[in-house]
Amino acid sequence: MRNELLWFLLLVVNFGSIMYVYKQYGKLGLYVWVPISTILANIQVFLLVDLFGFSTALGNIMYAGGFLVTDILSENYSEKDAKNAVKIGFFTLAVTAVIMKIAISFVPTNVEAGLKNFHSVQLIFDFMPRIMIAGLAAYGVSQTHDIWAYEFWRKRFPETKHIWIRNNFSTMVSQLIDNLVFTVIAFYGVYPKEVLIEMYWVTYFMKFIVAALDTPFVYLANSMKRKGQIREVKLEEIQ
């Protein structure tokens with residue numbers, strides 16, 4: 001029960017933070033959240049935990065936050081703005097992989113505490129290039145589909161009351177694509193096949209739940225925008 005409660009807490013903190021930065025900083029706040037979610041999701045995916053009786057990797061909540069961001073951008077702004085967020089995510093993943101690969105290539109100090117810390121970080125980021133490649137491939141394919149699908153369903157169900165259709169139909173299929181691409185590239189040969197299959201379906205089930213739970217936040221973001229409650233901050237205004 002402890003893991004399930006923490007999972008729910010992580011979900012609340014994630015979605016709550018997205019709504020906070022959106023309300024305080026507008027579109028700029030959503031762009032800021034993209035690198036936060038992509039980096040943390042790709043670190044958390046190393047953590048294999050038991051949830052609801054199944055083994056699954058963490059990171060699905062943080063990663064799902066990226067889909068919430070692009071859906072809000074698509075809904076309240078434009079398809080172009082959503083695509084810009086995806087480009088930011090791409091750059092974030094790529095530059096993180098390169099910089100951390102250089103960092104762990106240094107010769108560590110002989111001081112015991114420093115050596116221990118260095119190896120701890122090295123364990124994560126030595127494997128991260130494969131995770132980053134998987135993340136880039138999955139992120140690019142799934143987010144491109146998500147933005148396209150959101151516009152596809154918006155043209156057919158344009159009314160505000162139908163946000164749930166375009167949000168869920170686009171995100172849930174995109175998450176299926178994302179999970180397949182990422183799991184195969186990142187973990188094939190790392191875990192036994194039966195663990196890999198279980199991880200795939202359990203992770204997708206978790207993402208499916210998160211995708212359904214983020215729908216009220218898209219409605220909330222749309223309502224806040226229409227009521228003029230969003231403070232659209234420009235870079236030159238930040239001091």
When you compare the side chain of [Y] with that of [X], does any pair of heavy atoms fall below 4.5 Å?
X      : Y      : value
Tyr139 : Val86  : yes
Asp81  : Asn84  : yes
Asn110 : Leu115 : no
Tyr188 : Leu196 : yes
Ile61  : Trp7   : yes
Phe15  : Val210 : yes
Leu9   : Val13  : yes

Is there a path from [X] to [Y] through hydrophobic residues (I, L, V, M, F, W, Y) whose side chains come within less than 4.5 Å of each other?
X      : Y      : result
Phe169 : Phe205 : yes
Tyr63  : Ile88  : yes
Leu176 : Val141 : no
Ile230 : Trp33  : yes
Leu11  : Tyr204 : no

Less than 4.0 angstrom from a charged side-chain N to a carboxylate O is my criterion; do [X] and [Y] meet it?
X      : Y      : result
Glu75  : Lys225 : no
Lys83  : Glu79  : yes
Lys207 : Asp178 : yes

What is the distance from atom [atom1] of [X] to atom [atom2] of [Y], rounded to the nearest 0.5 Å?
X      : Y      : atom1 : atom2 : value
Leu180 : Ser142 : CG    : OG    : 11.0 Å
Lys23  : Leu220 : NZ    : CG    : 9.0 Å
Ile104 : Ile99  : CD1   : CD1   : 13.0 Å
Ser17  : Met62  : OG    : CE    : 8.0 Å
Leu40  : Leu58  : CG    : CG    : 11.5 Å
Leu213 : Asn14  : CG    : CG    : 11.5 Å

Looking only at heavy atoms, which two atoms of [X] and [Y] are closest? And how far apart?
X      : Y      : result
Asn76  : Ala221 : ND2-O, 3.2 Å
Thr215 : Ala212 : OG1-O, 3.2 Å
Glu232 : Gly26  : OE1-CA, 3.5 Å
Tyr77  : Lys27  : OH-N, 3.7 Å
Ser74  : Tyr150 : CB-CD2, 3.7 Å
Phe67  : Ser174 : CE2-CB, 3.6 Å

Inset, instruction - Would you kindly say whether Asn117 and Ser120 are connected by a side-chain donor-acceptor distance under 3.5 Å? - result: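 Judged by distance alone, the side chains do not pair up.
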
Inset, instruction - Would you tell me whether Tyr219 and Asn167 have side-chain atoms, one donor and one acceptor, within less than 3.5 Å of each other? - result: no

Legend entry - All side-chain hydrogen bond (donor to acceptor under 3.5 Å, both in side chains) counterparts of Thr144, not counting sequence neighbours: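 side-chain hydrogen bond (donor to acceptor under 3.5 Å, both in side chains) check on Thr144 returns nothing, list empty.
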
Inset, instruction - Start with the C-alpha gap between Phe52 and Asn3, add the side-chain angles, then the distance that decides, and say whether side-chain contact (heavy atoms from CB on, under 4.5 Å) holds. - result: CA-CA 8 Å; Phe52 306 104; Asn3 279 1; over 6 Å; no

Inset, instruction - Could I get the full list of side chain to side chain contact (heavy atoms under 4.5 Å, CB included) partners for Val12, not counting sequence neighbours? - result: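 If we apply the side chain to side chain contact (heavy atoms under 4.5 Å, CB included) test to Val12, skipping adjacent residues, the hits are Phe8.
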
Legend entry - Phe118 and Thr109: CA distance, side-chain angles, deciding distance, side-chain contact (heavy atoms from CB on, under 4.5 Å) verdict: CA-CA 9 Å; Phe118 191 94; Thr109 178; over 6 Å; no

Legend entry - Aromatic contact, Trp148 with Phe152 (centres under 6.0 Å): yes

Legend entry - Test side-chain contact (heavy atoms from CB on, under 4.5 Å) applied to His145 and Val173, step by step: CA-CA 8 Å; His145 174 271; Val173 175; 3.5 Å; yes

Legend entry - For Thr70, the option from Leu30, Thr171, Asp146 that meets side-chain contact (heavy atoms from CB on, under 4.5 Å): Asp146

Using atom types as modelled, flag every donor-acceptor pair under 3.5 Å from a side chain in residues 157-164 to any protein atom, sequence neighbours excluded.
none

Inset, instruction - Inspect the surroundings of OH in Tyr31 and state if more than 12 heavy atoms from other residues, nucleotides or ligands are less than 6.0 Å away. - result: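 Atom OH in Tyr31 is crowded, with more than 12 foreign heavy atoms closer than 6.0 Å.
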
Inset, instruction - Quick one: do Ser170 and Asp71 satisfy side-chain contact (heavy atoms from CB on, under 4.5 Å)? Show the steps, please. - result: CA-CA 9 Å; Ser170 62; Asp71 283 356; 4.2 Å; yes

